Novice: 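A single structure is presented below for examination.
All figures in this text were calculated on a predicted structure; none of them were measured in a lab.
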Amino acid sequence: MNTALLYHLLDVDPADGPAELLHRARGSRHLPHLVLSALAREDVRMGEPARAELRRARARADRYAGLALDLARSTGVRAIHGLPLAGYYPTDLLRPQAALDLVAPGEAALWQAVVRLVTDHPVETIDVTLLGDRPHHTAVTVRWPAEDPLLDPWYRVRLATAALPGDCATVPVRPYLVADDHVECLIALAEAQLRRGRNSGAGEPLVAPDPLTLLDLSCLTDQPFEPVETAAVLAAYRLAPEAAALLDLAAPLLPLGTLAAVRTALTPALAPERRRRAEAAATPRLPVRHGTLLRRTVIRHTWDEARLLGAGDSHDGGALLLTPVADYLLGAPDASPTLADRSTALDALHHWDTHC
């Protein structure tokens, strides 16, 4: 990867210079840090504010890597998507890290990791989502301020018991990733395209992937993909249409290298997956419930898992989720609880506190 690729993907004329390249990058999430690292590698002149911003971004990336290593050793969670992809970048280029994504081998490990984060960091928000009914998968996002919260994004760690959540409709939850690291990274990029909702009825993205996705792909093009095996893995994870469309859209923009053969090998899997999705569309969507925070609690160190209280348990018409770190009222993603809902839920918590 070189600066010429950045100019190309960000649609900047090299004659306009590095200042315009950085200006364009500032409209694309955390790409400024990657551009700054690329310019520093080429000894482009920059002032102390830019160098300080780059130092903070590198420190942030190092902190995420340290967190992932520490939590892997202590709880068994492991990093997926962003951090593994960063490992394929040249050592002097900084891949943007909007968040640290971790997958846990089970709910107990997930909450152990959350407790560790809450204990060791000034966590201000803990968001919880349940995917599915019985059994369900749990996703938790914790956030805390950066050292300079006015200039830098907050730290954000996302933990889940499912590596690939799917679309809650035609693509199911796939809890585990079992493949070579570079294949897992390709799977993660295809899953991200699915999550963005950039698809037609056939499940294929309609618009070009964002610059970061293309940069990620460019770092994978020289990896030792075995085309037939890789295509079979993508098909097994129900991502053949997303992977094929992603590679088709990337092909005019960058050399695909070993991924070109993967795209060819994907072709036989596309029609069967489209048929499967069409049939699955007639089945009910997987329920998704988001938690509205009712209260943070003293850490319940003796709890290995959260406790889900339904209407019969909580004496109300909703559902409560009691976790090792906080308690929540569960509801649909697009619904906000009323004051009456919250009041009833708090009464139910008080009942639970005094009788359980």
Novice: Would you call L220 and L189 a side-chain contact if the rule is heavy atoms closer than 4.5 Å?
Specialist: yes
Novice: Test salt bridge (charged side-chain N to carboxylate O under 4.0 Å, His left out) on E279 and R275; report intermediate values, then the result.
Specialist: CA-CA 6 Å; E279 294 169 359; R275 287 195 298 270; over 6 Å; no
Novice: Are the side chains of L349 and L322 in touch, meaning some heavy atoms are under 4.5 Å apart?
Specialist: yes
Novice: I'd like to know whether R55 forms a salt bridge (charged side-chain N to carboxylate O under 4.0 Å, His left out) with E147, so could you lay out the CA-CA distance, the side-chain angles of the two residues, the decisive distance to 0.1 Å, and finally the verdict.
Specialist: CA-CA 13 Å; R55 284 195 299 270; E147 286 76 5; over 6 Å; no
Novice: What's the verdict on salt bridge (charged side-chain N to carboxylate O under 4.0 Å, His left out) for E242 and R277, showing C-alpha distance, side-chain angles and the deciding distance?
Specialist: CA-CA 13 Å; E242 283 69 35; R277 293 188 187 186; 2.7 Å; yes
Novice: Between the side chains of Y7 and D16, is a donor N or O closer than 3.5 angstrom to an acceptor N or O?
Specialist: no
Novice: Closest heavy-atom contact between T75 and A109?
Specialist: O-CB, 3.4 Å
Novice: Any side-chain donor paired with an acceptor under 3.5 Å for D341 and T344?
Specialist: no
Novice: For the backbone of D11 and the side chain of R24, can you confirm whether one donor and one acceptor N or O come within less than 3.5 Å of each other?
Specialist: yes
Novice: Within the supplied structure, the quantity of interest is the number of heavy atoms (other residues, nucleotides, ligands) at a distance under 6.0 Å from R45 CZ; does it exceed 12?
Specialist: no
Novice: Go through the structure and list residues passing ring pair (Phe, Tyr, Trp, His ring centres under 6.0 Å) with H23, not counting sequence neighbours.
Specialist: none
Novice: Please check if the side chain of T297 supplies one atom and the backbone of I299 the other of a donor-acceptor pair under 3.5 Å.
Specialist: no
Novice: Between Q112 (side chain only) and D304 (backbone N and O only), is there a donor and an acceptor less than 3.5 Å apart?
Specialist: no
Novice: If you look at every heavy atom in A38 and L93, which pair is closest and at what distance?
Specialist: CA-CD2, 3.5 Å
Novice: Is there a side-chain contact between T138 and T323 (heavy atoms, below 4.5 Å)?
Specialist: no
Novice: Show every side chain to side chain donor-acceptor pair (under 3.5 Å) that has at least one partner inside residues 283-294, sequence neighbours left out.
Specialist: T129-H290
Novice: Working note: D327 + R300, criterion salt bridge (charged side-chain N to carboxylate O under 4.0 Å, His left out); need CA distance, chi angles, decisive distance, verdict.
Specialist: CA-CA 11 Å; D327 298 328; R300 296 158 169 154; 2.8 Å; yes
Novice: Say you draw a straight line from CD1 of I80 to CG of L85; how long is it, rounded to the nearest 0.5 Å?
Specialist: 10.5 Å
Novice: Can you list everything that forms a side chain to side chain contact (heavy atoms under 4.5 Å, CB included) with A332? Sequence neighbours excluded, please.
Specialist: D334, A335
Novice: Show the nearest heavy-atom pair for residues A319 and L308, with the distance to one decimal.
Specialist: CB-CD1, 4.4 Å
Novice: Can you name the closest pair of heavy atoms from A190 and L246 and give their distance?
Specialist: N-CD2, 4.5 Å
Novice: Do the non-hydrogen side-chain atoms of P224 and T258 ever get within less than 4.5 Å of each other?
Specialist: no
Novice: Is the closest side-chain heavy-atom distance between L164 and V173 below 4.5 Å?
Specialist: no
Novice: I'd like to check L234 versus L186 (side-chain heavy atoms, cut-off strictly below 4.5 Å). Are they in contact?
Specialist: yes
Novice: Of the non-hydrogen atoms in G82 and R95, which two are nearest, and what is the gap between them?
Specialist: CA-NH1, 3.6 Å
Novice: I need the full list of side chain to side chain donor-acceptor pair (under 3.5 Å) pairs touching residues 260-271, with sequence neighbours left out, sorted by first then second residue.
Specialist: D248-R263, R263-T267
Novice: Might you point out which heavy atoms bring V171 and R276 nearest each other, and give the distance in Å?
Specialist: CA-NH2, 4.1 Å
Novice: Once you round to the nearest 0.5 Å, how far does CZ of R342 lie from OG of S336?
Specialist: 10.0 Å
Novice: Using 0.5 Å steps for rounding, measure from the CG atom of L6 to the NE2 atom of H8.
Specialist: 11.0 Å
Novice: Between D101 and V157, does the side chain to side chain contact (heavy atoms under 4.5 Å, CB included) criterion hold? Intermediate values first, please.
Specialist: CA-CA 6 Å; D101 291 295; V157 181; over 6 Å; no
Novice: Among pairs that include at least one residue of residues 174-192, which meet side chain to side chain donor-acceptor pair (under 3.5 Å), considering only residues two or more places apart or in two chains?
Specialist: R78-E184, R174-E191
Novice: Following the transitive rule for hydrophobic clusters with a side-chain heavy-atom cut-off under 4.5 Å over Ile, Leu, Val, Met, Phe, Trp and Tyr, establish whether L159 and L321 coincide in one cluster.
Specialist: yes
Novice: Does the cation-pi check pass for R156 over W154, that is, NZ or CZ under 6.0 Å from the six-membered ring centre and within 45° of its axis?
Specialist: no
Novice: Angle class for the Y64/Y155 ring planes (parallel below 30°, perpendicular above 60°, tilted otherwise)?
Specialist: perpendicular
Novice: Under a 4.5 Å cut-off applied to non-hydrogen side-chain atoms, are S218 and L5 in contact?
Specialist: yes
Novice: May I ask whether I187 and V178 are part of the same hydrophobic cluster, defined by side-chain heavy atoms of I, L, V, M, F, W, Y residues being less than 4.5 angstrom apart, directly or through others?
Specialist: yes
Novice: Would L256 and L247 count as a side chain to side chain contact (heavy atoms under 4.5 Å, CB included) here? Give the steps.
Specialist: CA-CA 8 Å; L256 292 182; L247 294 174; 4.2 Å; yes
Novice: What distance do L266 atom CG and T230 atom OG1 have between them, rounded to the nearest 0.5 Å?
Specialist: 8.5 Å
Novice: Assigning hydrophobic clusters by single linkage (Ile, Leu, Val, Met, Phe, Trp, Tyr; side-chain heavy-atom cutoff under 4.5 Å), is L131 placed with L320?
Specialist: no
Novice: Which value, rounded to the nearest 0.5 Å, describes the distance between D127 atom CG and R158 atom CZ?
Specialist: 11.5 Å
Novice: Would the distance check show the side chain of S37 and the main-chain N or O of L94 forming a donor-acceptor pair, the cut-off being under 3.5 Å?
Specialist: yes
Novice: With a 3.5 Å distance limit and no angle check, can you tell me whether S343 reaches the backbone of L339 through a side-chain donor-acceptor pair?
Specialist: no
Novice: Applying the 4.5 Å side-chain criterion to the ILVMFWY set and letting contacts propagate, would L239 and F225 be lumped into a single cluster?
Specialist: yes
Novice: Flag yes if L110 and V288 sit in one hydrophobic cluster, no otherwise; membership is Ile, Leu, Val, Met, Phe, Trp, Tyr, and two members link when side-chain heavy atoms are under 4.5 Å apart.
Specialist: no
Novice: Please table the atom pairs, donor to acceptor, closer than 3.5 Å between any side-chain atom in residues 114-125 and protein atoms at least two apart or in another chain.
Specialist:
| unit_1 | atom_1 | unit_2 | atom_2 | d |
| --- | --- | --- | --- | --- |
| R116 | NE | D120 | OD2 | 3.1 |
| R116 | NH1 | S74 | OG | 3.0 |
| R116 | NH2 | D70 | OD1 | 3.1 |
| R116 | NH2 | D70 | OD2 | 3.2 |
| T119 | OG1 | V115 | O | 2.7 |
| H121 | ND1 | R63 | NH2 | 3.2 |

Novice: Measuring from atom CG of L254 to atom CG of L215, what distance do you get when rounded to the nearest 0.5 angstrom?
Specialist: 8.5 Å
Novice: With a 4.5 Å limit on heavy-atom distance, are the side chains of Y89 and D216 in contact?
Specialist: yes
